[in-house]
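For reference, the structure discussed in these notes is given below.
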Amino acid sequence: MSGNVSVPIVIIGAGQAGLSVAYYLRRFDLVAGRDFIIFDRGPDTGGAWQHRWQALQLGSAHRVNDLPGMKELGLSFDTADRNLPARDVVADYYREYEQHFELKVVRPVTVTSVLSTPPHLVVETSSAIFGDQKTDADLIVNATGTWGAPFVPHYPGAGTFAGTQVHTANYVSSEAFAGQRVVVVGGGTSAIGFLLELEGVASTLTWVSRRPIDFSHTDELAEVTAVAAVMKQDRAARAGRALPSIVSGTGVPVTRRIAAGIDRGILVARPMFASIEPTGVRWSDGTFTGADVIVWASGFRPELRHLGPLKLREKAGGVSVGSGASGTDSRVFFAGYGPQASTIGANRAGRSIARQLMAKL
Ligand SMILES: Cc1cc2nc3c(=O)[nH]c(=O)nc-3n(C[C@H](O)[C@H](O)[C@H](O)COP(=O)(O)OP(=O)(O)OC[C@H]3O[C@@H](n4cnc5c(N)ncnc54)[C@H](O)[C@@H]3O)c2cc1C
């Protein structure tokens, strides 16, 4: 006996994906705290949403899908006030959800590493409140999302920049950049959201993207490309390759707000700069644009550092995951990874993973 707390299933992360798995485990009559434990490092409910910037309203995010069973509480993001900050609405709804379904999320607890001591997995955690602890588990579900692993591509001179560099993960509000010359990097909806917020606030705005922006104009096309993008993610996950960017597969759906931004000339992206200098960016033709701020809306990577000791990383650069199950270690599941990385994908994953867990208990 190790003397550690022991539980059949540990879920790491209480965002959409982790909560969805927990909901389906409850439907199988499993009890939180006895049959499974959810650890989350966030101080509050809402998963990554609790950290998103104030100005991101529910109406300007992509569609946020309801958690399974949320109707039972009379809640739906579809009928929520679209002008409210998305982070507040999601945190409030998830709080009610966790209480209603008695999910007993243990927070703030950071999973620092997961080790294999067959037949168990040992989940090591650290918390200002609970201290350092170890939990033996038969199975784990990793549902840690991407928010904690911001990605910034390398450009020569980045370290010499004398102004401010901020990533989506640390962006607070446009007011911080009032009157400043801002360069926004990225080809997705976060970059577009920042540009629209900064219009009229920054003194100059420059948008750059590594690939041309693929604005998609019809819902039908958006649906077809979204399915293709999910399949592309699935192929990469099954093959253990690093995941391709979602936006490279789906394009950017043109809402009325975005169409108006294009018409005003705000949403016109240039190809990437060649290098960064202390006071601005240098283009490949040798010309220069002065900048005080670079906003990196350049995406995130799956957060998997704590799984390092399990040696799941493949030579191809990613982890091998098919239908939410690790292809390398049959005790490990991934919820919200790759093809499941959206609020709708995370929901579907919940049911499928819960069924697979039940089959193994
Ligand atoms: C800027 C941005 C905007 C987005 N907008 C949308 C949108 O509008 N619609 C949409 O469908 N999707 C959107 N997404 C995709 C988004 O990832 C999903 O909506 C959803 O948040 C994913 O849920 P998740 O549970 O997988 O991850 P998360 O919501 O990130 O939850 C992961 C949880 O794991 C916890 N965690 C992480 N590491 C540890 C650890 N080591 N120990 C303990 N806990 C840990 C975190 O605290 C967090 O609570 C967006 C993503 C980004 C980055």
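Values reported hereafter were calculated over all heavy atoms of this structure, with side chains retained and with hydrogens, waters and symmetry mates removed. We count ligands from 1, going down the list as the structure has it; atoms in each ligand are counted the same way.
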Side chains of S173 and Q54: do they bring a donor and an acceptor to under 3.5 Å?
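The criterion, which ignores hydrogens and geometry beyond distance, is not satisfied for Q54 and S173.
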* Asked: Between S326 and R331, is any side-chain donor less than 3.5 angstrom from a side-chain acceptor?
  ->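 Checked: S326/R331 side chains show no N/O donor-acceptor pair below 3.5 Å.
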Step through the shown structure and confirm whether more than 12 heavy atoms of other residues, nucleotides or ligands are within 6.0 Å of [atom1] on [X].
X	atom1	value
R107	CZ	yes
R82	CZ	no
R282	CZ	yes

Is there a continuous path of hydrophobic side-chain contacts, each under 4.5 Å between heavy atoms, that joins F101 to F28?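 Result: yes, single cluster for both.
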If hydrogens are left out, which of [options] has an atom nearest to [atom], that is, the closest non-hydrogen atom?
atom	options	answer
atom 4 (C) of ligand 1	R52, Q16, H306, Q50	R52
atom 36 (N) of ligand 1	V106, T189, T144, L307	T144
atom 42 (N) of ligand 1	V111, L58, L56	V111
atom 27 (O) of ligand 1	G299, G145, P302	G145

Check ligand 1 against [X] and write out every atom of the ligand that is under 4.0 Å from a heavy-atom position of the residue.
X	value
G13	33 (C), 34 (O), 35 (C)
S190	1 (C)
A48	28 (P), 29 (O), 30 (O), 31 (O)
A143	32 (C), 33 (C), 34 (O)
G42	47 (O)
F300	53 (C)

- [ ] Of the side chain and backbone of Q340, name the one, both, or neither that has a heavy atom under 4.0 Å from an atom of ligand 1.
- [x]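 Looking at Q340 and ligand 1, no heavy atom falls under 4.0 Å.
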Within the 4.0 Å heavy-atom cut-off, what A17 brings close to ligand 1 is both
message: With respect to T146, determine whether any N or O atom, backbone or side chain, lies less than 3.5 Å from an N or O atom of ligand 1.
response: no
What do you reckon, does R305 put a non-hydrogen atom under 4.0 Å from ligand 1? no
Requested in this report: Compute the minimum heavy-atom distance from V109 to ligand 1 and say whether it is under 4.0 Å.
Outcome: yes
inquiry  = The test is side-chain hydrogen bond (donor to acceptor under 3.5 Å, both in side chains); show your working for S323 and R238 and say whether it passes.
reply    = CA-CA 8 Å; S323 306; R238 284 177 190 274; 3.1 Å; yes
*asked:* Parallel, tilted or perpendicular, judged at 30° and 60°: which one describes the rings of F194 and W53?
replied: tilted
Checklist entry - Using 30° and 60° as the class limits, which term best fits the ring planes of H51 and W147: parallel, tilted or perpendicular? => result parallel
